[in-house]
Amino acid sequence: MPTTLDHPLDPALLGAETQVHARSIDRFARAHDASHYLLVPDAVLSPADADGVARAFTAVRAAGRTLTFRSGGTSLSGQGISGDILVDTRSHFRDIRIEDDGAAVRVGPGATVRQVNTRLARYRRKLGPDPASEIACTIGGVVANNSSGMACGITENSYQTITSMVVVLPSGTILDTGRADAADVLRAAEPALFAGLSSLRERLLASPENVAFLRQQFSMKNTMGYGLNALLDFDDPVRILEHLLIGSEGTLGFVAEARFRTIEVRPAIATGLLVFDTLSAAMTALPALTELGLATIELLDAASLRVAQGLSDVPAAISEIDVQGHAALLVEVHAADDESLAVASATAQAHFDALPLAVTPRLTTDAAERAALWHVRKGLYTAVAGARPSGTTALLEDIVVPVPRLLATCERLIELFAEHGYEGSVIFGHAKDGNVHFLLNERFDDPDSVARYRRFTDDLVELVLAQEGSLKAEHGTGRIMAPFVRRQYGDELTDMMWEIKRLFDPDGVLNPGVVLSDDPDSYLQDLKRVPTVEREVDRCVECGYCEPTCPSKSITLTPRQRIVLRRDMAWAEEQGDTTLLRDLRADYDYDGVQTCAVDGMCGVACPVDINTGDLVRRLRAEQENAVEGAAWGTAAKHWSTVTRAGGVALTVADALPVPLVRGATRIGRAVLGADTVPLYDGGLPRGGTAPARPVSPPDAQAVFFGACIGTMFGPEDEGPGSRDALRALLDRAGIPVVVPEENGGLCCGTPWKSKGHLDGYRLMSDRVLASLWDASRHGELPVVCDAASCTEGLDVMLTQAVAAHREYAGLRIEDATTFVAREVLPRLSVDAKLPSIAVHPTCSTTALGATGALTTIAAAVADEVFVPDGWGCCAFAGDRGMLHPELTASATAQESAEVSAADAARGGFDAFVSANRTCEIGMTRATGRPYRHVIEVLEERTRH
């Protein structure tokens with residue numbers, strides 16, 4: 001848990017509500033973002049509200065320090081890091097309030113774009129900004145960087161769609177710009193700022209040359225410097241202030257809440273790939289394609305296409321060509337409905353057919369085909385960044401030029417890659433906006449490489465400015481381009497920007513060195529070192545996509561933080577910094593290892609396919625106690641006895657007073673360790689039932705694998721439990737099954753693997769796969785498991801065995817939810833549907849692609865299916881929730897609050913379901929509602 005230690009600020013000025021994180025592990029964990037810069041803060045503050053931020057300004061100013069705000073930390077330009085005081089605005093400020101039937105939304109800076117759009121989806125609305133990092137980027141970052149994306153251009157970004165905001169200025173003034181008297185409040189509280197903004201507008205309007213230049217610059221995507229276009233677009237100082245803050249990267253003030261005008265979702269979509277023989281041909285076709293009103297036009301250069309040919313699901317349009325100087329445009333047509341889409345697609349297709357293309361074009365609405373096409377575009381970053389040499393940093397940069405100048409710019413950029421020796425670099429991006437990204441790998445622990453990077457940057461700046469472009473289009477100026485603002489805007493306009501900085505922040509408290517810098521070499525300072533670490537995570541690009549999905553994010557560490565701390569420890573060891581190494585190691589076991597749920601959700605979100613659980617399992621294996629490992633090895637040989645004994649123990653415990661049993665387990669934890677002995681509580685069920693006896697009917701249609709957790713943990717009520725319910729449903733549907741020999745002694749292996757007991761895991765794997773191979777008649781029958789996490793465990797076990805070139809390649813593992821939805825539901829009838837049902841998807845149904853089947857079954861038994869917008873992994877993780885109940889409590893807090901509110905609003909749901917017994921226990925404990933397997937409810941509703 002966060003510990004407040006010595007730090008440079010006065011606690012009395014901060015207030016008791018603001019958490020201060022000053023341990024080495026807290027400071028280093030939050031030091032890293034997706035950029036190639038690294039600064040370690042002296043302390044990290046977590047204020048709870050706008051008043052807390054105002055107090056932080058006071059404390060920082062009194063101490064003569066500076067502060068930097070950080071929300072998501074996905075930033076690519078170094079604007080979210082600090083070597084002084086870092087203010088975390090993601091732990092709080094997560095409110096999302098829908099207004100006007102979805103036409104507007106109020107959002108705190110700690111909420112992510114995906115979280116907001118998830119809540120807006122039921123209104124068929126979304127935010128205008130559509131950054132590719134929407135899974136992780138927060139509203140704070142979107143506003144601070146004026147982020148755009150693939151479709152929004154300059155018409156639906158934050159600048160255009162924010163209608164008001166709540167602002168905390170460096171003086172401590174809190175201003176709601178949506179209030180009718182906002183101008184009066186600003187004038188009274190900040191007279192110099194109010195008058196100064198009006199004066200700057202007058203001066204700017206007096207220079208037609210500067211006005212014309214700014215109009216040209218902001219006719220494109222442009223996040224370079226401050227948005228001086230606000231002085232042209234508005235005459236009210238409040239509106240000017242509001243729009244200067246957008247894109248200011250936390251250097252002028254703090255946006256505690258933003259109110260957005262939302263955008264209508266056009267759900268009917270068709271996607272296509274236009275492959276041209278040359279980049280020139282693609283650019284020649286671009287203007288007419290833009291006039292078609294296509295929602296997206298994404299460029300992929302020849303190097304991108306070569307990389308794409310190495311992707312697993314590359315479309316034939318790319319795989320079958322001999323890439324020379326080719327280029328491609330990924331295009332999409334969006335419409336409100338299928339009929340409108342058909343008309344728009346026909347128009348677009350007729351235009352495509354007339355183009356000089358290397359491959360016959362085709363628009364598709366098929367979800368799988370569309371996903372494959374987008375995997376080409378989004379897989380470029382994965383392929384290039386993930387394959388970079390160890391010790392290097394992946395730099396994803398962006399520039400913008402007028403569309404007619406895009407061809408010349410891309411051609412020269414390709415030449416620059418060759419001239420400076422950047423091999424494997426790719427160009428891709430938003431062609432209709434003249435905005436392209438390029439990816440290159442560089443190492444910053446070598447002076448020659450840094451010198452090369454300097455030369456390349458000089459040439460890049462010259463190229464973009466000669467083409468009348470902007471050095472930053474959507475990633476923000478940050479540290480990387482701050483020294484070049486004067487080159488782009490000239491002295492007069494840059495001096496205006498400095499005046500704006502002094503008007504807002506006269507003491508220079510906020511985020512120094514970002515957006516503006518008078519040091520021409522500041523972009524070469526504080527460069528990140530990336531020491532080699534464990535192979536499971538070494539290719540991490542520190543983007544933070546994994547963080548919102550992590551169940552331990554609010555209590556200890558996120559996957560990114562677990563990885564970067566390994567790098568920090570490696571660096572400390574290399575440098576001989578024994579004090580730092582000792583401090584980090586002291587806290588890493590609990591924060592980094594023991595409170596990781598190893599649920600794999602981070603791997604689903606990671607753009608370079610890292611499952612940080614693999615690292616944690618390795619570390620647990622390295623820490624394995626010989627006695628404990630031997631005990632688990634023995635357990636693998638006698639698993640039937642172990643599970644039955646565990647079930648009996650829970651049944652006995654259920655009959656005893658809870659304080660007595662809890663006290664006994666606490667004594668055991670004190671003697672043997674909190675990571676060995678689970679903590680019993682009254683929320684645990686009684687023991688389960690004995691497994692089914694082996695059978696092998698000749699007409700069997702599947703193999704039934706009853707999860708051993710059904711023996712260990714009984715059902716929530718007096719019902720049959722998921723194993724017996726599934727057998728009943730299969731019998732009712734006329735589907736005979738094989739029950740394997742040794743049925744009660746088989747396990748998916750997760751208890752061994754997650755704890756790092758690898759010898760026991762290998763032993764269980766050999767037993768299970770051999771048994772299932774025989775039971776399935778060498779792959780003829782699918783293996784159906786009644787617990788999603790166990791299904792995933794079997795799937796992983798099988799994948800590893802096949803990868804090791806062992807047999808079993810024909811074996812098929814399937815979760816009960818998918819099998820029942822496909823094979824059983826059509827053969828059954830539901831007597832009477834329940835009015836409403838609440839569903840908890842699991843990390844395993846997500847990994848298996850079975851969440852759709854889970855909700856399909858729920859919809860078959862209830863009229864209303866409620867899936868919480870904020871659902872996530874419950875972190876029960878087998879026994880992890882019993883070893884560290886505080887982890888599950890933290891992981892389920894948001895979902896639990898949402899379920900409770902929805903339950904109260906409906907006067908009570910009629911059922912609460914999931915797809916895995918331990919997850920059901922975790923959610924029952926968190927919400928106080930009785931969660932059961934959805935199959936149990938289906939079995940009840942189909943009895944006749």
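Between Arg562 and Cys596, some side-chain heavy-atom pair lies under the 4.5 Å cut-off. The shortest distance between side-chain heavy atoms of Ile427 and Phe417 falls below 4.5 Å. Under the 4.5 Å side-chain criterion, counting only non-hydrogen atoms from C-beta, Thr138 is not in contact with Pro109. Put simply, the side chain of Arg70 reaches to within 4.5 Å of the side chain of Ile81, judged on heavy atoms. Using a 4.5 Å heavy-atom cutoff, the side chains of Leu127 and Thr161 are not in contact. The shortest side-chain heavy-atom distance between Thr457 and Phe484 falls under the 4.5 Å cut-off. Pro315 places a side-chain heavy atom less than 4.5 Å from the side chain of Leu373. Ile318 has its side chain out of reach of His326: every pair of non-hydrogen atoms, C-beta onward, lies at least 4.5 Å apart.
Residues satisfying the side-chain hydrogen bond (donor to acceptor under 3.5 Å, both in side chains) test with Arg567, not counting sequence neighbours, are Glu542. With sequence neighbours left out, Ser304 forms a side-chain hydrogen bond (donor to acceptor under 3.5 Å, both in side chains) with Asp301. By the side-chain contact (heavy atoms from CB on, under 4.5 Å) test, Ala354 is found to be paired with no residue, residues two or more places apart in sequence or in another chain being considered.
Annotation: the span from Gln349 atom CD to Arg362 atom CZ amounts to 9.0 Å, rounded to 0.5 Å. Distance CG/Leu440 to CD/Glu423: 12.5 Å, rounded to 0.5 Å. One distance of note links CZ of Phe352 with CG of Leu294; it measures 5.0 Å at 0.5 Å rounding. Summarising the geometry, atom CG belonging to Leu439 is positioned 7.0 Å from atom OG belonging to Ser425; distances are rounded to the nearest 0.5 Å. Asn146 CG to Glu249 CD: the interatomic distance, rounded to the nearest 0.5 Å, is 10.0 Å. We find the NZ-OG1 distance between Lys126 and Thr262 to be 9.5 Å, quoted to the nearest 0.5 Å.
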Subject >> Residue pair Asn441, Val384: steps toward the side-chain contact (heavy atoms from CB on, under 4.5 Å) verdict >> reply: CA-CA 8 Å; Asn441 296 323; Val384 178; 4.3 Å; yes
Original post:
Would Thr112 and Glu134 count as a side-chain contact (heavy atoms from CB on, under 4.5 Å) if you check the C-alpha gap in whole Å, the side-chain angles of each, and the deciding distance to 0.1 Å?
Top reply: CA-CA 7 Å; Thr112 67; Glu134 51 91 26; over 6 Å; no
**OP:** Give the intermediate values and the outcome of side-chain contact (heavy atoms from CB on, under 4.5 Å) for residues Gln309 and Ile321.
**Re:** CA-CA 9 Å; Gln309 288 184 326; Ile321 62 176; 4.0 Å; yes
**OP:** Any chance you could lay out the salt bridge (Lys or Arg N to Asp or Glu O under 4.0 Å) test for Arg443 and Asp448, step after step, and finish with the verdict?
**Re:** CA-CA 9 Å; Arg443 62 185 316 131; Asp448 290 340; over 6 Å; no
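Of all heavy-atom pairs spanning Ser844 and Glu792, the tightest one is OG-OE1, 2.7 Å. Residues Gly544 and Pro548 approach most closely at O-CD, 3.7 Å, considering heavy atoms. The two residues Pro559 and Thr612 come nearest to each other via the heavy atoms CB-OG1, 3.2 Å. Considering all non-hydrogen atoms of both residues, Pro131 and Val142 come closest at CG-CG2, 4.3 Å. Between Ala605 and Ile135, the shortest heavy-atom contact is CB-CD1, 3.6 Å. Across all their heavy atoms, Gly391 and Thr532 have their closest contact at N-OG1, 4.4 Å.
Judged purely by atom type and a 3.5 angstrom limit, Ser133 has no side-chain atom pairing as donor or acceptor with the backbone of Ala136. Side-chain atoms of Arg560 come within 3.5 Å of backbone N or O of Gly73 as a donor-acceptor pair. Under the 3.5 Å distance criterion, the side-chain polar atoms of Thr223 are matched with a main-chain donor or acceptor of Gly476. Remark: side-chain polar atoms of Arg479 are paired, donor with acceptor, to backbone N or O of Gly78 under 3.5 angstrom. For the pair Gln217 (side chain) and Asn222 (backbone), a donor-acceptor distance under 3.5 Å is absent. A donor-acceptor pair under 3.5 Å is absent between the side-chain atoms of Thr296 and the main chain of Glu298, judged by distance alone. Side chain of Thr477 to main chain of Gly225: a donor-acceptor pair is present (N/O by atom type, distance under 3.5 Å, no hydrogens or angles). In terms of modelled atom types and a separation under 3.5 Å, the side chain of Arg566 and the main chain of Ile563 share no donor-acceptor contact. At least one donor-acceptor pair closer than 3.5 Å links the side chain of Lys528 to the backbone N or O of Asp33. With Ser470 contributing its side chain and Lys472 its backbone, the two residues share a donor-acceptor pair below 3.5 Å.
Counted by atom type alone, Asp398 and His430 present zero donor-acceptor pairs between their side chains at under 3.5 Å. No hydrogens or angles considered: a donor-acceptor pair under 3.5 Å links the side chains of Asn145 and Gln79.
A salt bridge links Arg90 with Glu547: at least one charged nitrogen is closer than 4.0 Å to a carboxylate oxygen. Taking a cutoff of 4.0 Å between a charged side-chain nitrogen and a carboxylate oxygen, Arg535 and Asp538 do not qualify as a salt bridge. The existence of a salt bridge linking Arg618 and Glu534 is excluded, since no basic side-chain nitrogen approaches an acidic carboxylate oxygen closer than 4.0 Å.
Among Tyr523, Tyr453, Tyr37, the single residue meeting the ring pair (Phe, Tyr, Trp, His ring centres under 6.0 Å) criterion with Phe444 is Tyr453.
Judged by a 6.0 Å distance limit and a 45° cone about the ring axis, Arg452 is positioned over the six-membered ring of Tyr422.
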Distance-only check: which donor-acceptor pairs under 3.5 Å involve side-chain atoms of residues 148-158, not counting sequence neighbours?
| unit_1 | atom_1 | unit_2 | atom_2 | d |
| --- | --- | --- | --- | --- |
| Ser148 | OG | Lys221 | NZ | 3.4 |
| Ser148 | OG | Glu474 | OE1 | 2.6 |
| Thr155 | OG1 | Cys152 | O | 3.4 |
| Asn157 | OD1 | Tyr159 | N | 3.3 |
| Asn157 | OD1 | Gln160 | N | 3.1 |

Check: residues 269-282 side-chain donor-acceptor pairs under 3.5 Å, at least two apart:
| unit_1 | atom_1 | unit_2 | atom_2 | d |
| --- | --- | --- | --- | --- |
| Thr271 | OG1 | Glu332 | OE2 | 2.7 |
| Thr271 | OG1 | Arg370 | NE | 2.7 |
| Thr278 | OG1 | Ala281 | N | 3.0 |

Hey, can you pull the donor-acceptor pairs under 3.5 Å for the side chains in residues 404-412, sequence neighbours left out?
| unit_1 | atom_1 | unit_2 | atom_2 | d |
| --- | --- | --- | --- | --- |
| Arg405 | NH1 | Gln467 | OE1 | 3.4 |
| Thr409 | OG1 | Arg405 | O | 2.7 |
| Arg412 | NH1 | Glu415 | OE1 | 3.1 |
| Arg412 | NH1 | Glu419 | OE2 | 2.7 |
| Arg412 | NH2 | Glu419 | OE1 | 3.4 |

